[in-house]
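A note on names: the letters A, B, ... follow the listed sequences, proteins ahead of strands, and every chain is numbered from 1. None of the values given here were measured: they were computed from a predicted structure.
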2 protein chains.
Amino acid sequence: MKRVTRQRTEILRVIDESERPLGPQEILQAGREAIPSLSIATIYRTLRDLLAEELIKTVALPGDSPRYESLHAHAHHHHHFQCTRCQKVFDIHGCPGSLQGMEVPPGFQVDHHEVTLYGLCADCVGVGS
Amino acid sequence: MKRVTRQRTEILRVIDESERPLGPQEILQAGREAIPSLSIATIYRTLRDLLAEELIKTVALPGDSPRYESLHAHAHHHHHFQCTRCQKVFDIHGCPGSLQGMEVPPGFQVDHHEVTLYGLCADCVGVGS
DNA sequence: ATGTCTGCAAATCATTTGCATCGTG
DNA sequence: CACGATGCAAATGATTTGCAGACAT
């Protein structure tokens with residue numbers, strides 16, 4: 001039987017209220033504003049549990065450590081855009097669909113896919129270097 | 001002044017002759033067939049050098065550690081497939097192209113993209129769990 | 001009360017680095 | 001011969017785990 005503790009509640013709140021995916025350290029920092037004693041071990045353990053309960057999902061970008069976002073608020077199939085200047089990650093709705101044009105070798109079974117777009121976000125377009 | 005050592009030559013040969021991107025441990029194992037004393041530290045140091053010289057390129061997949069492939073043999077634009085059973089990564093030629101259907105927010109500038117397919121490779125299709 | 005959850009510190013695991021020695025140029 | 005490269009082992013940095021005490025039910 002899963003217990004409703006202050007730290008679990010706070011961690012879930014931080015993730016739910018964020019408009020962008022957060023990493024463990026970001027969650028720790030935000031959570032410590034309410035619970036100063038909060039430890040990184042609790043963050044990792046709680047993230048594992050929340051993932052298992054499907055209350056949050058992992059956002060994994062190529063070559064970057066994982067971030068987490070509320071599954072309820074992001075349940076639909078979507079992809080991500082990472083700004084190459086500010087590194088922020090944004091949701092992109094829609095999907096190329098069939099991914100026709102990809103030459104999958106014979107005998108391979110495609111189950112799902114991941115698309116990441118890179119470029120400049122609206123805030124960074126037109127900003128110097 | 002860069003020296004042509006047995007280990008550097010062997011590491012580059014292993015990567016060049018592989019039909020799929022390899023991780024550091026895979027390169028170590030393959031390289032030890034020719035040089036049993038080969039150490040993992042040398043692998044990492046040599047990979048760093050080869051990347052700087054643009055003889056190889058990094059293949060970064062979401063949520064997984066990096067693989068490396070020959071830049072000369074893989075200079076063209078392509079994507080990757082990762083087997084969800086054996087974790088191996090394979091090149092996929094072709095590209096969905098315009099990525100139409102992706103609803104990029106107004107003001108965003110897309111520069112490049114990354115597509116990863118997941119599923120079972122030919123060897124793992126039909127193999128029990 | 002009872003068994004889960006937390007914080008701390010120690011343990012992993014992958015990658016990096018210091019250093020004495022090896023070997024290429 | 002000189003200096004970059006190698007192998008070993010210790011150092012790092014991120015994540016995981018053991019354990020005794022704290023707390024939800």
A.B. asks: Give a yes/no on whether any side-chain N or O of A:Gln7 is located under 4.0 angstrom from OP1 or OP2 of C:dG7.
C.D. replies: yes
A.B. asks: Are A:Val115 and B:Val110 co-members of a hydrophobic cluster defined by side-chain heavy atoms under 4.5 Å apart?
C.D. replies: yes
A.B. asks: Regarding B:His93 and B:His79, is there a side-chain donor-to-acceptor distance under 3.5 Å anywhere?
C.D. replies: no
A.B. asks: Rounded to whole Å, please give me the gap between CZ in B:Arg48 and P in D:dA5.
C.D. replies: 10 Å
A.B. asks: Select from B:Arg3 and A:Arg3 the residue whose nearest nucleotide in DNA chain D is closer to the 5' end of that strand.
C.D. replies: B:Arg3
A.B. asks: Which residues in residues 24-43 of chain B have a heavy atom closer than 4.0 Å to any atom of DNA chain D?
C.D. replies: B:Ser37, B:Leu38, B:Ser39, B:Ala41, B:Thr42
A.B. asks: Using atom CZ of B:Arg8 as one end and atom P of D:dT6 as the other, report the distance to the nearest whole Å.
C.D. replies: 9 Å
A.B. asks: Looking only at non-hydrogen atoms, find the nearest pair between A:Ile92 and B:Pro105 and report the distance.
C.D. replies: CD1-CD, 3.6 Å
A.B. asks: Consider only side-chain N and O atoms of A:His80 and A:Asp91, and report whether a donor and an acceptor are under 3.5 Å apart.
C.D. replies: yes
A.B. asks: A:Leu47 CG to C:dC5 P: how many Å, rounded?
C.D. replies: 15 Å
A.B. asks: For the pair B:Glu33 and B:Arg13, find out whether any cationic side-chain nitrogen is under 4.0 Å from an anionic carboxylate oxygen.
C.D. replies: no
A.B. asks: What does B:Arg45 touch in the nucleic acid at a heavy-atom separation under 4.0 angstrom: a base, only the sugar-phosphate, or nothing?
C.D. replies: base
A.B. asks: In whole angstrom, give the distance that lies between atom CG of B:Leu12 and atom P of D:dA5.
C.D. replies: 15 Å
A.B. asks: On DNA chain C, does the nearest nucleotide to B:Pro66 precede the nearest nucleotide to B:Thr5 from the 5' side, or the other way round? Give the residue.
C.D. replies: B:Pro66
A.B. asks: Rounded to whole Å, please give me the gap between NZ in A:Lys2 and P in C:dT6.
C.D. replies: 9 Å
A.B. asks: Return yes if a side-chain donor-acceptor contact under 3.5 Å exists between A:His78 and B:Glu103, otherwise no.
C.D. replies: no
A.B. asks: Between P on D:dA24 and CZ on A:Arg6, what's the gap in Å once rounded to a whole number?
C.D. replies: 9 Å
